[in-house]
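Worksheet: one structure, shown below.
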Amino acid sequence: MGFTGLARWINPPTSGLDLITKNIIRNHHGQSRGKWNLSIRSYRSTFGSIAGLQVPSERSICALTMNDNVFVLLEDPAAPTRADVLAGMQNMIPPTEGGPLPSTMVPPHYRTAYLTLRPPGALEQLLGQLNARWVPVRQATTSSQRSQGTAQQLSVEGYVFAIGSDWLVRVGNVVLAGGAIKGMLLEAEYLPLPVLHSQSADGTSELLSNMLLSVLPNIGDAKTVAVAVSDSQWEEVLWDREEEERLTSEITSPENLDDIFVTGDEGLPHQKRGDWVGVDRDRRSAFLIIGALRSEGIL
C-alpha cells in the first residue's frame with residue numbers, strides 16, 4: 001500500500017462511471033482489480049432532550065465501513081482542540097515555579113476522536129444494547145431509540161483499477177440512501193511510496209492530482225475538487241493519549257544522573273506507525289472521504 005490522494009467529481013453525467021472506466025482501460029491500459037464498495041452511517045446525540053441537562057451543542061458520529069474495518073469519527077463541538085490545549089500549556093507557569101502540572105490541563109477528551117473498530121456492525125449493536133442517546137442524522141429526536149441499526153446510510157459503489165505496477169485507481173458513485181447519485185469519488189494510490197510529505201499548505205500532491213485529472217474524461221464544465229488534509233490536521237486526528245502522557249512524564253520528571261539502572265536508550269526515537277501502510281492507509285483514506293462528504297452537507 002502506498003500514498004493516496006482523493007478528488008470529488010461533483011457534476012458527472014449519469015454515464016460518468018462508464019466514461020472513466022473506458023478512459024482508464026483504453027488510454028492507461030488499466031486492469032480491473034475488483035469492486036470498490038464503502039458504506040457510511042451518521043448519527044447525532046440527543047442529550048439535549050434530557051430534562052434538566054444543558055447541552056451547548058450535540059455531538060456527531062460518522063462511521064465508514066471499509067472491508068473488515070469501521071472508521072469512526074466522533075466530534076464534540078463544545079470540547080477544545082488539542083492544538084488549543086497545547087498552546088495554553090506553553091503560556092502557563094512551569095511546575096518548578098509553582099504552576100500546575102501539564103496533566104491537570106488535559107481535558108477528558110478533545111473535540112475530535114478517531115477510532116478503528118471491527119467487525120462491521122459492532123458500533124450499531126453496541127448503541128442498541130446500551131440504548132444510547134444517539135439517533136440517525138435528520139431523524140426526529142422523539143423517534144425511538146431502537147433505530148440505531150437503521151441509520152441513514154450512503155454508499156460508494158465503483159471499481160478498482162491497476163495502472164502498470166505503480167498505481168491503483170478507485171472510482172465510484174456516491175449513492176444516497178434513496179438511491180440518488182450525488183457525484184463521484186476518485187482515489188489514486190501511488191504504491192512505491194509509503195509516505196509523501198506535500199510542500200503545499202493544503203496538503204495536496206501534484207503527482208496524485210495529475211493522475212486523477214488524467215483519468216477524468218474530457219467533458220466541458222466538469223467540476224472537480226481535490227480533497228486533502230494538512231499534516232497539522234492529521235496530527236490532531238492521530239492524537240494518542242498514552243503517547244502524550246509518556247511525553248508529559250518525561251518533561252515533568254527530572255533526569256536522575258545517579259541512577260545506576262539507566263539503560264541508556266531513553267534518548268532514542270520511538271518507532272512510529274506509517275500513515276500509509278496497512279490499516280493506517282485506510283484510516284487516512286476514510287478520514288478524507290468523511291471530510292469531503294461532510295463539507296458538502298451530504299452526511
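Just so you know, these numbers come straight off a predicted model, no measurement behind them.
- Here CG of Asn69 is found 4.5 Å from CZ of Arg118. Values are rounded to the nearest 0.5 Å.
- Of the candidates Val156, Ile181, Thr14, Ile181 is the only one forming a side-chain contact (heavy atoms from CB on, under 4.5 Å) with Asn173.
- Judged by distance alone, with hydrogens and angles left aside, the side-chain atoms of Tyr43 form no donor-acceptor pair with the main-chain N or O of Ala63 at under 3.5 Å.
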Return a table of donor-acceptor pairs under 3.5 angstrom between the side chains of residues 26-35 and protein atoms on other chains or two or more places apart.
{"residue": "Asn27", "atom": "ND2", "partner": "Asn23", "partner atom": "OD1", "Å": "2.5"}
{"residue": "His28", "atom": "NE2", "partner": "Ser214", "partner atom": "O", "Å": "3.2"}

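- Under the 4.5 Å side-chain heavy-atom criterion for Ile, Leu, Val, Met, Phe, Trp and Tyr, Val175 and Met66 are members of distinct hydrophobic clusters.
- Once rounded to the nearest 0.5 Å, the distance linking CG of Leu186 with CG of Leu213 reads 9.5 Å.
- In the hydrophobic clustering of ILVMFWY residues, with side-chain heavy atoms under 4.5 Å counting as a link, Leu38 and Leu176 come out together.
- Looking at Ile40 and Ile298, their side chains never come closer than 4.5 Å, going by heavy atoms from C-beta outward.
- For Thr21 against Phe161, the heavy-atom pair with the smallest separation is CG2-CZ, 3.6 Å.
- Side-chain contact between Val171 and Leu17 is present, with heavy atoms from C-beta onward closer than 4.5 Å.
- For the atom pair Asp18 CG and Tyr159 OH, the distance stands at 7.0 Å (nearest 0.5 Å).
- In terms of heavy-atom proximity, Lys223 sits nearest to Asn11 at N-OD1, 2.7 Å.
- Here the straight-line distance linking atom CZ of Arg170 with atom OG of Ser285 works out to 6.5 Å at 0.5 Å rounding.
- Residues Arg8 and Glu296 are paired through a salt bridge, judged by an N-O separation under 4.0 Å between the basic side chain and the carboxylate.
- Using a 4.5 Å cut-off on side-chain heavy atoms (C-beta onward), Trp36 and Leu185 make contact.
- Leu207 is not listed as a side-chain neighbour of Met211, based on a closest heavy-atom distance of 4.5 Å or more.
- Between the side chains of Arg283 and Thr116, a donor-acceptor pair is found at a separation under 3.5 Å.
- In this structure, Arg41 contributes its side chain and Gln153 its backbone to no donor-acceptor pair below 3.5 Å.
- Linking ILVMFWY residues whenever their side-chain heavy atoms come closer than 4.5 Å, directly or via other members, places Val70 and Leu74 in the same cluster.
- Going from atom CD1 of Ile290 over to atom CD1 of Ile61 covers 11.0 Å, rounded to the nearest 0.5 Å.
- Heavy-atom minimum distance, Trp9 versus Pro217: CH2-CG, 3.6 Å.
- Closest non-hydrogen pair, Gly183 versus Pro12, comes out as CA-CD, 3.7 Å.
- Linking Ile, Leu, Val, Met, Phe, Trp and Tyr whenever their side-chain heavy atoms come within less than 4.5 Å puts Ile25 and Val215 in one cluster.
- Between Asn37 and Glu157, the shortest heavy-atom contact is OD1-CA, 3.9 Å.
- Two residues are said to be in side-chain contact when any heavy atoms from C-beta on lie closer than 4.5 Å; Leu191 and Asp166 fail this criterion.
- For the pair Arg294/Ser60, a side-chain contact is recorded, criterion being any heavy-atom separation below 4.5 Å from C-beta on.
- Residues Phe287 and Val227 form no side-chain contact, since every pair of their non-hydrogen atoms from C-beta on lies 4.5 Å or further apart.
- Annotation: the span from Arg284 atom CZ to Phe71 atom CZ amounts to 13.5 Å, rounded to 0.5 Å.
- Between Pro13 and Leu19, the closest heavy-atom pair is CG-CD1, 4.0 Å.
- In this structure the side chain of Val169 never reaches within 4.5 angstrom of the side chain of Ile20, judged on heavy atoms.
- For the residue pair Glu58/Ser45, the side-chain donor-acceptor check at 3.5 Å is satisfied.
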